[in-house]
Structures are given as structure tokens and as C-alpha cells.
Amino acid sequence: MSFPWAQHYEPKHPFMRYMDERLPLPRLVYNAIGGGYPVPRNLNYFWNFGVLAGLALVLQILTGVILAMHYAANQAVAFGSIEHIMRDVNWGWMLRYMHANGASFFFIVVYIHIFRGLYYGSYKAPREMVWLLGIVIFLLMMATAFMGYVLPWGQMSFWGAKVITSLFGAIPVVGESIQVWLLGGYAPDNAALNRFFSLHYLLPFVIAGVVILKIWALHIPGSSNPTGVEVKSPQDTVPFHPYFTAKDGFGVGIFLLLYVVMVFFAPNYLGHPDNYIEANPLSTPALIVPEWYFWPFYAMLRAFTVDFILPAKLWGVLAMFSAILLLFFLTWIDRSPVRSTNYRPLYKPFFWVLVLDVLVLGYCGGSHAEEPYLMISQIATMYYFAHFLIILPIVSAIERPKPLPNSISESVLHGEEKESAPLGAGGVLPGTQPQPAE
Amino acid sequence: MVRIIGFFVGLGFCLVLAIAFFTGAYNHITNPPAETAEKEFHLHPKPLALESNGPFGKYDRAQLQRGFQVFKEVCSACHSLKYVAFRDLRDLGYSEAEVKAIADQWVIQQPSVNPDTGEPSTRKSLPADRFPAPFANEVAARAANNNAVPPDLSLMAKARENGPAYIHSLLTGYRDQPAELLKKFPATKTPEGLHYNPYFPNLNLAMPPPLVSDGQVTYADGTKATVDQMSTDVSAFLAWTAEPKLERRHAIGVAAFVFLLVFSVLTYMAYQNIWASKKRELANA
Ligand code: HEM
């Protein structure tokens with residue numbers, strides 16, 4: 001596809017030739033994730049996370065479709081139908097724990113994937129579209145996860161839904177009508193539960209569609225790499241199969257190993273105990289928190305505690321949405337031509353402060369809205385916005401990057417990426433003489 | 001353009017946050033949060049060692065049977081167990097006949113309809129039935145319990161942080177209100193009809209101490225029924241009602257873990273091998 005030296009699909013078996021002339025699906029696969037897709041040879045383990053996100057999506061769809069066969073989206077019986085799945089359905093407990101923890105693992109993987117993109121400048125030309133589609137996926141994932149959490153109709157489902165949908169009420173004038181329209185009522189009830197189930201079933205397939213677009217877009221320039229230097233010659237690449245299918249296979253093993261530990265030995269660790277209490281609109285839990293993967297954004301929402309021109313709640317809502325939406329504009333905010341943060345000495349410490357900052361926000365978001373957590377969230381939210389909107393443009397304008405290697409193969413030769421393949425390990429077209437390293 | 005707009009948006013958020021920060025800090029200093037009795041006297045559950053803990057944990061059948069006996073003779077007077085059926089007791093090691101007898105002799109009967117008159121009536125339980133609730137509805141439950149509803153216990157062990165340990169601490173944690181507390185917070189004297197218990201989040205709950213004297217239950221297996229023993233046993237039983245598939249889960253988890261460990265080692269070796277053979281090819285060229 002992307003490079004002139006990409007290997008061509010040549011069906012050997014007569015049946016495959018027959019297929020290729022009628023429905024060239026094997027050719028598509030070969031060019032997308034087979035020998036026909038040349039990939040930079042120096043990708044490190046952070047490039048495993050795209051495939052892992054795909055695996056997580058597949059796991060969610062498979063377990064989810066089966067759960068839906070036993071789940072009943074009705075206010076009166078939803079909570080009981082979950083217990084029916086846990087107790088009476090064959091393997092129901094396992095499917096449910098896989099699905100619940102699968103959502104958490106999906107987010108862990110995607111957060112690492114996003115930070116990989118931030119560190120290695122994957123949002124820059126020519127991969128802007130890949131990044132933008134990625135953010136679209138991220139938004140869809142958040143919507144899906146939020147609605148999925150409502151389905152068991154536990155206390156946290158109900159109160160979480162109530163708090164989050166009431167955010168729309170902060171919008172001036174039309175807010176309340178929007179909130180009522182979204183919920184089909186003034187508080188979450190049967191109407192809300194039914195539409196959330198319908199959308200929760202729908203959105204993962206929309207995500208799958210956007211993932212296909214994203215991979216299509218990625219395959220035009222091909223993957224970036226830890227140096228951020230574009231591929232220049234056949235020496236810089238190896239075919240995806242078998243080199244990266246093997247590496248991804250190992251990544252999948254480690255991912256599943258950690259997943260199994262959570263699913264089978266600590267299945268409720270990431271959940272909230274209150275969600276094992278059936279929803280009760282008359283009893284407010286002591287602490288209403290969303291799932292852990294929303295905590296950083298929840299902390300930003302709660303950090304705005306004073307009315308200043310606008311009501312505090314509206315500030316919080318604006319900040320929460322801006323925190324994600326600003327990622328759409330990153331390509332135009334960061335004007336440094338250097339992709340990889342490895343070569344950006346001034347930007348690098350700020351990147352790591354950002355990572356720490358998001359972790360701190362996450363911690364505060366899961367705590368009670370009281371001091372000192374509010375003050376910490378306020379500082380951390382300030383840094384989050386300052387990082388992207390103030391520091392990044394300034395740093396990218398004044399920074400003197402370190403010299404870049406001339407090519408990926410040169411960088412590999414000099415051992416700059418420890419775990420990357422040594423020069424000459426594959427990527428050699430049949431018939432061409434390999435160029436031994438001096 | 002994007003950068004200029006972004007710069008001002010960022011500045012705007014930072015400004016509002018700075019105002020919020022200084023307002024909050026000022027309030028915090030001038031008006032520090034009042035100490036509360038809940039904050040100072042609430043205790044975290046004591047650790048509880050159960051056979052079912054840990055990745056290889058299994059339920060202790062004899063303990064579950066004792067716990068069930070405590071539930072039957074004490075707790076079931078007030079608490080329902082609506083997600084558990086009599087047939088589930090087979091998991092505790094009871095035979096089919098024993099389960100049938102337990103269902104048949106259960107004091108509270110199942111709501112039913114008189115087949116001749118259609119009037120509401122009751123019937124004896126069958127193994128397929130769930131445990132019947134002690135109160136017909138919430139109003140009846142409140143009326144009998146000082147305006148509090150005894151919650152269903154099926155999922156209690158998962159519905160509280162560190163559930164089984166919490167239940168054990170709660171059941172054995174009743175005591176007189178400490179004098180210190182009354183001195184410091186005179187307004188928080190335990191109201192009439194409530195009971196002081198430092199393990200309960202707001203320190204006073206409506207449940208009277210259910211386990212009060214050694215020998216309150218005469219265990220069928222001869223174990224000495226101290227309050228601590230009964231409380232531990234019923235906590236273990238409630239751990240089972242909340243997570244009846246735990247043993248299956250642990251067994252499959254261990255198998256899956258071992259399988260994936262081997263899988264990961266093999267894929268790692270395949271990965272190294274695939275990259276290395278190319279390298280060797282090159283060295284020999
Ligand atoms: C359902 C979720 C997602 C799936 C299945 C997915 C899948 C993939 C795959 C298979 C790759 C190629 C392998 C790799 O580079 O790791 C990739 C690359 C990429 N993804 Fe994602 N992704 C998802 C979500 C996201 C999100 C939320 C973002 C960013 C906001 C994102 C941004 C990118 C970028 C920029 C690249 C190119 C990286 C480079 O080559 O430097 N992806 N994705």
C-alpha cells in the first residue's frame with residue numbers, strides 16, 4: 001500500500017486465485033496487516049496498544065452480545081436480571097466480569113495509546129486524520145461506557161446518570177429542555193434505561209466503523225515510529241507479518257494475562273460497592289462518583305467552585321468538554337516540526353508533568369469533593385489547560401530540538417532505540433542484496 | 001489563529017480556577033471544616049481471615065452450614081435473601097432431601113393464591129423457591145423496625161467496602177457510646193431506638209445487636225457458638241450468598257493464568273526467533 005517496495009499479494013492456491021478475482025478479501029487483509037504492509041523496523045512496545053485496543057473492542061462486543069441475550073432493560077427487573085446472569089446463566093458470571101473489567105482494560109489501553117500519540121507526536125502531519133478519528137473514537141467510547149454503567153440499575157448507575165445528565169441543565173436557556181429530552185423525563189427512569197440500552201448496543205458498532213476509517217487513514221502514510229523520522233528506504237521497514245504479528249502476539253499474551261488476573265481474582269476491585277445496591281431514587285449515596293476512567297474529567301468538573309460571570313457548574317461543564325475537544329486542535333497548537341519528544345528537551349519535562357497531572361486529577365476525581373482535594377484539582381486543572389493551550393505553543397516556538405537521525409536505519413544502527421530491531425533484521429525484498437552494516 | 005484563541009481560552013480557565021482556588025483556600029483557613037463525630041470515631045473493619053480469601057480460596061463447607069444456621073435462626077427474622085434459592089443450598093453440601101426438608105420447614109411461607117377462592121394465601125417453600133421475605137412490604141418492615149428497613153442480605157458482602165470483614169465487625173462492634181465522644185460532641189447522643197456501633201458509617205444504626213450471647217445458636221456440628229464464632233460464620237455465609245460462583249472462578253482463573261503464561265512465553269520466543277533468524281541470515285550473507 002503505502003511504500004513502493006511493499007510486497008504484492010500473490011495467491012498460490014487456485015482457490016485463492018479464484019477468490020482474489022471475485023472478492024479480494026484476502027488481498028485486503030494481506031495489505032492491511034500482512035506481509036504487504038511495510039512498518040518501521042524500530043517500533044517499540046508502545047505501538048502494541050492499537051492492536052490491543054482493537055482486541056478489547058472485539059472482546060466487549062462478543063461478551064456484550066451474549067449478555068444482552070439475558071439482560072432485561074426494564075427498571076423493575078434490570079437489577080434482578082443481572083443477578084440472574086451472575087447466578088443462573090451458564091458462564092454468566094464470567095461474561096459479566098469480562099465485560100465490566102473489559103471496559104476498564106479498554107480505557108487503560110486507549111489512555112496509553114493516546115499518551116503514546118502525545119509523546120511521539122503522532123497527531124502531526126501527515127497523521128492528523130488518524131488522530132482526529134482517534135478522538136472521535138474516544139468520545140464514542142466514553143458515551144458507550146457511561147450508558148453501559150447505567151444498565152445494571154444499581155445505586156451508582158442511577159445517581160451517576162442523574163449527575164451527568166444534570167450537567168446539560170447547566171446550559172443556559174435550553175439546558176433543562178435538553179436534559180428532559182435526553183432522559184425522556186426529569187430523572188432517569190424506564191425511558192432513560194431503554195434508550196441507553198439501545199444506544200449502548202449501537203455505539204460499539206459505530207466505533208468499529210470509525211476504527212476501520214482510522215486504520216485506512218493510517219495506512220496512507222504508514223505508522224510513525226519512536227524517532228519520528230519518516231520512512232525513507234526499504235531498509236527502514238519490515239513487513240508487518242511476521243515481524244509485528246509476532247510482537248503483537250506477545251503483547252496480546254501479556255494483556256490477557258493481566259486481564260485474567262482482574263477478571264478472576266479481583267473482579268469487583270475497579271467497581272463501586274454501591275452498584276450492588278438496587279437503584280433507589282429516595283436514597284442518595286454518600287459519595288457519587290463515576291467509573292475510574294472518568295475521574296480526571298470529573299475532578300475538572302468539580303474544580304470550578306465559584307460563580308464568576310457564569311455559574312460555577314457551567315464553567316465546570318465547559319472545562320470538562322474543552323479538556324477533550326482541545327485534543328482535536330493539537331496539530332495546529334503544537335507547531336514544532338519534530339514529532340518525537342525524545343528530541344525535544346524543553347518539551348519533555350512538561351510531557352511528564354502532564355502525565356502526573358492527569359493521574360493526580362484522577363485521584364482527586366475519585367475522592368470526596370472537599371479540601372484538600374478541591375484545591376489540588378484546581379491547580380491540576382490549571383496545569384492541564386496551561387499545558388496544552390499556553391505552554392505547548394510557546395515551547396514549540398522557542399525550543400531548539402536535538403539533532404534528528406538521518407533515517408530510521410541509522411538510528412537503529414546507533415542503538416538509539418534499545419528494543420528496536422538491529423539493522424538488517426528483515427525488511428529485505430526477495431531478490432535484493434541485503435546491505436550489511438559496516 | 002487557533003493558537004491565539006486557545007491561548008485566551010486557556011488563560012480564561014486558569015483565571016477562573018485561580019479565583020476558585022484562592023476563595024477556597026481563604027474559606028478553608030478562616031473557616032476550617034468542623035470536626036465531626038463520624039470522622040473521629042468511625043472505625044474501619046477489623047481484618048477477617050476466611051478460607052475463601054486469596055486466589056486459591058475455597059469456601060469452608062462446614063462454616064457455611066453453620067453460618068446458614070445463624071442466618072436461619074437469627075437474621076431471617078428481619079432480613080430477606082431474595083436472590084438465593086433453597087436449591088442453591090446444595091452448594092453448601094446439603095443433600096437433595098435435606099434441602100427439601102429445609103424448604104418445607106422454613107417458618108416464613110411463600111406468598112401464594114388459594115386455588116379454590118383466589119384469595120391471597122401462603123404455601124410451603126419448595127427447593128426451587130427463593131428465600132421468602134419476612135415482611136410483606138416496606139411499610140411492614142419499617143413499622144416493625146423503628147422506621148428502618150432491614151436491607152436484603154444476598155449481596156451485602158459485595159455492597160460494602162471489604163464486605164465480609166465489615167459484616168463481622170458490625171455484628172461484634174456494638175458498645176456503649178464512649179464518654180469522650182459525648183463530651184466532645186454532646187449533640188450526637190445515640191437517639192432512642194438506635195444503637196451505637198463505630199463500624200457503621202454514621203455510628204448509630206437501627207438494627208439491635210442480633211448476636212448477644214454465647215450459645216445463642218446450638219450448632220449442629222458441636223462447634224462452640226461464641227458471639228465471635230457465630231458472627232464469623234454468618235459473614236462467611238453471606239460472602240457465599242453474594243458470590244456463589246467464587247470457587248469456579250478461582251479454578252478457571254488459575255487454569256487461564258497458567259495457559260496464558262505458557263502462551264506468552266511461547267509468543268515471546270517466537271517473536272525473538274522470528275527477528276533473530278533474519279539477523280543470522282544477514283550475518284551469514
Ligand atoms: C477503539 C479504539 C482504538 C483502536 C481499536 C485503535 C487502533 C489502532 C491501531 C491498530 C493502530 C496502529 C498500531 C499502533 O500504532 O498502535 C493505531 C494507531 C494510531 N491511533 Fe489508534 N485506536 C483506537 C483509539 C485511538 C484513540 C482514542 C486515539 C487518539 C486520540 C488514537 C490515535 C492513534 C494514532 C495517532 C495512531 C498512529 C500512531 C503512529 O503511527 O504514530 N487511537 N490505532
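Naming: A, B, ... by sequence-line order, numbering from 1 per chain.
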Winner by heavy-atom pair count (cut-off under 4.5 Å) against chain A, out of G54(B), A270(B), G10(B), S264(B):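 That would be S264(B).
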Most chain A-contacting option - heavy-atom pairs closer than 4.5 Å, from I19(B), N27(B), L15(B), L11(B):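 That would be I19(B).
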For [X], which atoms come within 4.5 Å of any heavy atom of chain B: side chain, backbone, both, or neither?
X       : answer
S377(A) : neither
Y97(A)  : side chain
F265(A) : both
V261(A) : side chain

Which residue out of [options] racks up the most heavy-atom pairs below 4.5 Å with chain B?
options                            : value
I333(A), D248(A), L257(A)          : L257(A)
Q155(A), R87(A), M86(A), E371(A)   : R87(A)
E370(A), R335(A), H387(A), M94(A)  : R335(A)
T381(A), I309(A), L374(A), L310(A) : T381(A)

For residues [X] and [Y], report the shortest heavy-atom separation together with the two atoms involved.
X       : Y       : answer
W275(B) : Y243(A) : NE1-O, 3.1 Å
F21(B)  : Q378(A) : CA-OE1, 3.2 Å
G6(B)   : L389(A) : O-CB, 3.3 Å

Is there side-chain contact between [X] and [Y], with at least one heavy-atom pair below 4.5 Å?
X       : Y       : value
R248(B) : W91(A)  : yes
L246(B) : F264(A) : no
K158(B) : P273(A) : no

Heavy-atom distances under 4.5 Å only: say whether [X] touches chain A with side chain, backbone, both or neither.
X       : value
P55(B)  : both
Y83(B)  : both
A242(B) : backbone
L266(B) : neither
V254(B) : both
H28(B)  : side chain
V9(B)   : both

Side chain R3(B), main chain P393(A), donor-acceptor under 3.5 Å: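 Flag not set: sc R3(B) to bb P393(A) has no pair under 3.5 Å.
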Check: W315(A) side chain, V16(B) main-chain N or O, donor-acceptor pair, under 3.5 Å: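 No; judged by distance alone, with no hydrogens or angles, the pair does not exist.
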Whether F250(A) and Y271(B) hold their rings parallel, tilted or perpendicular, with breakpoints at 30° and 60°: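 Because their plane-to-plane angle is under 30°, the rings of F250(A) and Y271(B) count as parallel.
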